[in-house]
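So the structure is just underneath, and the comments pick up after that.
Chain naming here is simple, since letters A, B, ... match the order of the sequence lines and numbering starts at 1 in each.
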Amino acid sequence: MSTETVDKKLVKESEPLFSKKNRKLLSDPLDDNNPITVQVLGICSALAITVQLKPAVVMSLSVLFVMGAGNVIISLIRNLIPQRVRIIVMLTVVASLVILVDQVLKAYLFDVSKQLSVFIGLIITNCIIMGRFEAFAMGNGLWKSFLDGIGNAAGYGVILIMVSVFREFFGTGTLWGIQLIPESWYMSNGGFYSDNGMMLLPPMALISVALIIWVQRANNRKLIEDK
Amino acid sequence: MDTNSNSYTFIFSAVMVVIVAFLLSLAATALQPKQAENVKRENWQNILKSIDVNVSREDSEEAYNTYIVDELVIRNGQVVEGMSPLEVNIADEIRKPLDERNNPLFVAEKDGKTYFVIPLRGGGLWGPIWGYIALEQDVATVYGANFDHKSETPGLGAEINTAGFYNQFKGQQILDGEGAFRSVAVVKGGASGPHQVDGISGGTITSDGVTDMLKNCLAGYIDYLKGRSTVQPETLPVDQIDEDIIEEVESEELTEEMASN
């Protein structure tokens, strides 16, 4: 939050498209200010759709679209939005974009839309999106808001993909639906290996996210809190 | 302009709602044909999957026309003339009493054998579940089945649409030794015999939903199918007569087999 207000003061019209500050908008949410592991937002969907890699990737792309477009729209109309109904306006923008994504998936990526089914609707309730609208797009210009949306969606997607790779590989022995652990290793075929069924259950998503937070906090100086 | 006045807030909201409604209905209308096409093709695909014909969604129309030789609606053991299964809304029909129900039936032919494909519909934990089951000529043996769902829990109830679950139905019996309707039940652990399959751990309510769905949906067909598999109707088109003879021979063999058992 503090960096954003500083940014706002320093904005100049002649700033290059990918100035250092703008690049930071993209890269910050990937690590230092990751929406899932640092801000701990959007946990609900991280838990729900990370059983397999493919839906996680499609979810990330959908969120990327909704956040990029949503941030731009909110930023465009930010001076027109009446303060008292701004949350409702944001919700309407998110909901419309999500319905659009859902309709397009149903028409052109039918199998994926079947797999994501209820979770597409969950994008609406993804607090990262509302959070960025309120905290960033309401106070910043179009290009910055776009970068911020893309950056945060990417930060969200990276964690989603990490968790889903972990869960799919150990839970079903596959990645992107392709069998990676040889069939002959399995106990049912006389081998020694068995998939860890617990990986498929929701608690393992939280545990995976927690492990990622642990590793990240141990390695990122900025995130180590003062005693 | 005061963006915080009451009248501005009202006007802004009204304009926003109109714009959003227009855009969304435009998108929905534009994409509707493509979506409906997907759903239709998926239905064909699932009907074919129940008789072990696996085709891509693009090829499903052609394959459907090749394998499915007859589409009927059955009410109270009789064929309803002039009604197509596509007109039947199964979700409504399963709530009616058995003797008023319109039961859609697809008759498939593969490698010279006849299969009866029956659409199923029931309720899972969160929403509707549905599927297709194919019966062999003897009406008792399940040749194949597949299921799908609207919103069952992924990893748990949603597993009913995986091959690991529905392939268990292959070869199971829906009739008991005396030819009475018995259905196939999904049970919790240790399924044995021809009338049981293993359920999904953590998906008990969905599993029970499958059990109820089979029992409820199949009941309306048994009388008609038994009649059909032994006595051939006389008013068949000429081009089907040859196949009927084959079917008759097969059903005779089957009754012999049953007797010797």
Side-chain angles (χ1 to χ4, degrees), chain A residues 47-52 55-56 73-74 77-86 88-122 167-168 171-172 177 188 197-205, chain B residues 1-43 45-46 56-58 60 126-127 148-159 161-162 164 200-203:
Chain A
L47 182 147
I49 42 121
T50 49
V51 175
Q52 284 162 342
I73 293 173
I74 292 291
I77 59 172
R78 70 184 187 278
N79 294 326
L80 297 173
I81 300 175
Q83 280 302 308
R84 273 177 293 173
V85 292
R86 67 180 193 284
I88 298 174
V89 174
M90 291 175 205
L91 252 180
T92 314
V93 170
V94 180
S96 326
L97 287 170
V98 166
I99 294 170
L100 266 183
V101 170
D102 188 35
Q103 297 281 340
V104 170
L105 285 183
K106 267 191 192 139
Y108 295 101
L109 283 171
F110 190 62
D111 294 311
V112 175
S113 93
K114 265 178 56 193
Q115 230 175 351
L116 286 174
S117 59
V118 292
F119 301 124
I120 279 291
L122 280 184
R167 289 180 76 192
E168 186 178 350
T172 49
S188 54
M198 203 169 74
M199 282 292 172
L200 302 176
L201 301 177
M204 277 318 285
Chain B
M1 187 169 43
D2 177 15
T3 56
N4 287 321
S5 72
N6 281 348
S7 51
Y8 178 81
T9 306
F10 274 113
I11 294 168
F12 182 90
S13 311
V15 171
M16 176 183 76
V17 167
V18 170
I19 293 174
V20 165
F22 175 75
L23 286 177
L24 287 186
S25 41
L26 193 74
T29 324
L31 295 171
Q32 170 66 31
K34 187 105 180 117
Q35 293 170 352
E37 181 76 13
N38 279 339
V39 172
K40 198 165 70 180
R41 282 177 183 274
E42 194 196 22
N43 264 335
Q45 222 183 350
N46 286 340
S56 71
R57 204 162 37 242
E58 286 70 39
S60 63
W126 304 113
D148 212 340
H149 63 94
K150 180 148 189 267
S151 45
E152 297 309 294
T153 322
L156 304 175
E159 297 289 302
N161 66 9
T162 58
I200 300 149
S201 26

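The interface of residues 14-26 of chain B with chain A, defined by heavy-atom distances below 4.5 Å, comprises B:M16, B:V20, B:L24.
Heavy atoms from other residues, nucleotides or ligands lying under 6.0 Å from CG of A:L109 number more than 12. Annotation for A:Y108: atom OH does not count as buried by contact number, only 12 or fewer foreign heavy atoms lying within 6.0 Å.
Among the candidates A:V101, A:I99, A:L105, the single residue satisfying the side-chain contact (heavy atoms from CB on, under 4.5 Å) test with A:Q103 is A:I99.
When the candidates A:L100, A:V93, A:T92 are compared by the number of heavy-atom contacts under 4.5 Å with chain B, A:T92 comes out ahead. Ranked by non-hydrogen atom pairs under 4.5 Å with chain A, the options B:V39, B:D148, B:N38 are led by B:N38. Ranked by heavy-atom pairs shorter than 4.5 Å toward chain A, the options B:D2, B:N6, B:N161 are led by B:N6.
In terms of modelled atom types and a separation under 3.5 Å, the side chain of A:R167 and the main chain of A:L201 share a donor-acceptor contact. Looking at B:R41, its side chain does come within 3.5 Å of a backbone N or O of B:E58 through a donor-acceptor pair.
No side-chain heavy atom of B:E37 sits under 4.5 Å from any side-chain heavy atom of B:K34. Contact annotation: the side chain of A:V85 never approaches that of B:F10 to less than 4.5 Å [non-hydrogen atoms, C-beta and beyond].
For chain A, no part of B:Q32 is nearby; none of its heavy atoms comes within less than 4.5 Å. Contacts between A:V89 and chain B at a heavy-atom distance below 4.5 Å involve backbone atoms as well as side-chain atoms.
Every residue two or more places apart in sequence or in another chain that forms a side chain to side chain donor-acceptor pair (under 3.5 Å) with B:N43 is listed here: B:Y132.
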